[in-house]
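In this chain, residues are counted from 1 in sequence order. Numbering of ligands and ligand atoms starts at 1, following listing order.
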Amino acid sequence: MENTSVASKGYFGEFGGSFVPEELQTVLDELEEQFLKYKDDPDFITEYKYYLKEYIGRENPLTFAQNLTKKVNGAKIYLKREDLNHTGAHKINNALGQILLAKRMGAKRIIAETGAGQHGVATATACAMFGMECVIYMGKLDTERQALNVFRMELLGAKVVPVSKGQGRLKDAVDEALGDLVQNYTNTFYLLGSAVGPHPYPTMVKHFQSIISEESKRQIIEKEGKLPTAIIACAGGGSNAIGAFAHYIDEKNVRLIGVEPAEAPTLTEGVPAVIHGFKCITLLDENGEPKPTYSIAAGLDYPGIGPEHSFLKTSGRADYVTITGQEALEAFQLLSKTEGIIPALESSHAVAYAIKLAKELSKDDLLIVNLSGRGDKDVEQVFDMINK
Ligand SMILES: *Cc1c(COP(=O)(O)O)cnc(C)c1O
């Protein structure tokens, strides 16, 4: 997309901003204004809280992983159970918040992009609930490896559009969705699935995902009487991680750790650049284009990352580490066996790093792993990987 205007707001250090054509900027300015108007509106908050509880099933538990802790024999490991949300992951927190905003803005049509299919399912679910027309853009390759999620979205009444342009992956679906928005902004709301994109999306998505750390902070104090040593979350675009970090960012003694797949090590190997309308650290190929990545976890397969994570990394407030697909696969099986919890392959990256770190720490240390989703969607893929 052409860089024709730059907004002054929505910066995290040098990262973020809004690099979009003027036409789209007008839509984003209106979105920002409406978001700022409603986010603190008592009626809006009451409605959001109502659906968080009655529809999503919050608050979800902060479960002490007693068997895993015993096995690892180091720091105490707690799991923030986003896997128990309706639709099985954290993404519904954000989909619900944005759709309530869309409703107040008078939109009739919702569009979204999806990688693993989880954000598509969350969006289609919220659209069914609120009677909105729903169009989901998905990379063709992703529609093939997440065929059941495509069927789920269709059951929920959404139209799924496979995108075969480019690599047929998540980033290509984002491009298509932005194109649709430019064409149809008068009646259409773009429900973005991660803490990425031009302002105000990263700020808005963080706002709606912050419920994760709002709850976990209260829960860990209730259970342990102190704050954790570290929060560990997997990072694709970075929405579950920023939601899990949010209420601890000002607690300087709490380590914040984002876990990326070694096959898509955005913050470890990336460089600052503008992609998809915002500036972040990103993986580029030799032509300066976003680089295709190949994680076993479709939800982590994005060459960029949210602007706030880019800033937390460069400012040194958070650390970002990598875990290989093989390590994640082992953690997937280990958590299933020890705790009876099958984690999403994305979340398995965070679990794998927590196990490594816990071994280096003492029994007085507390780790909170954000279990961003459940692994039911991945069981068939893992079956194939183990039995190949
Ligand atoms: C989509 C997804 C992710 C990655 O997205 P973020 O925006 O980085 O949170 C992680 N875990 C699960 C279960 C997902 O569905």
Which donor-acceptor pairs under 3.5 Å do side chains of residues 288-298 form with protein atoms, sequence neighbours excluded?
residue	atom	partner	partner atom	Å
Thr293	OG1	Asp301	OD1	2.6
Ser295	OG	Ala297	N	2.9
Ser295	OG	Ala297	O	3.4

Indicate yes or no: does Glu82 engage Lys91 in a salt bridge with an N to O separation below 4.0 Å. no
Asp180/Arg109 ion pair, N-O < 4.0 Å: yes
Report the C-alpha separation of Tyr38 and Tyr48 in whole Å, then their side-chain angles, then the decisive distance to 0.1 Å, and conclude whether the ring pair (Phe, Tyr, Trp, His ring centres under 6.0 Å) test is met. CA-CA 11 Å; Tyr38 285 116; Tyr48 180 55; over 10 Å; no
Ion pair present between Glu154 and Lys159, side-chain N to carboxylate O less than 4.0 angstrom? no
Of Asn94, Leu192, Val205, which is the lone residue that meets side-chain contact (heavy atoms from CB on, under 4.5 Å) with Ser239? Val205
Under 3.5 Å, N/O to N/O: give me all the pairs between ligand 1 and the protein, one per line with atom names and distance.
residue	atom	partner	partner atom	Å
ligand 1	7 (O)	Ser194	OG	2.5
ligand 1	7 (O)	Gly238	N	3.4
ligand 1	7 (O)	Ser239	N	2.8
ligand 1	7 (O)	Ser239	OG	2.8
ligand 1	8 (O)	Gly236	N	2.8
ligand 1	8 (O)	Gly237	N	3.2
ligand 1	8 (O)	Gly238	N	2.8
ligand 1	9 (O)	His90	NE2	3.0
ligand 1	9 (O)	Ser239	OG	3.3
ligand 1	9 (O)	Asn240	N	2.8
ligand 1	9 (O)	Asn240	ND2	2.8
ligand 1	11 (N)	Ser372	OG	2.7
ligand 1	15 (O)	Lys91	NZ	2.5

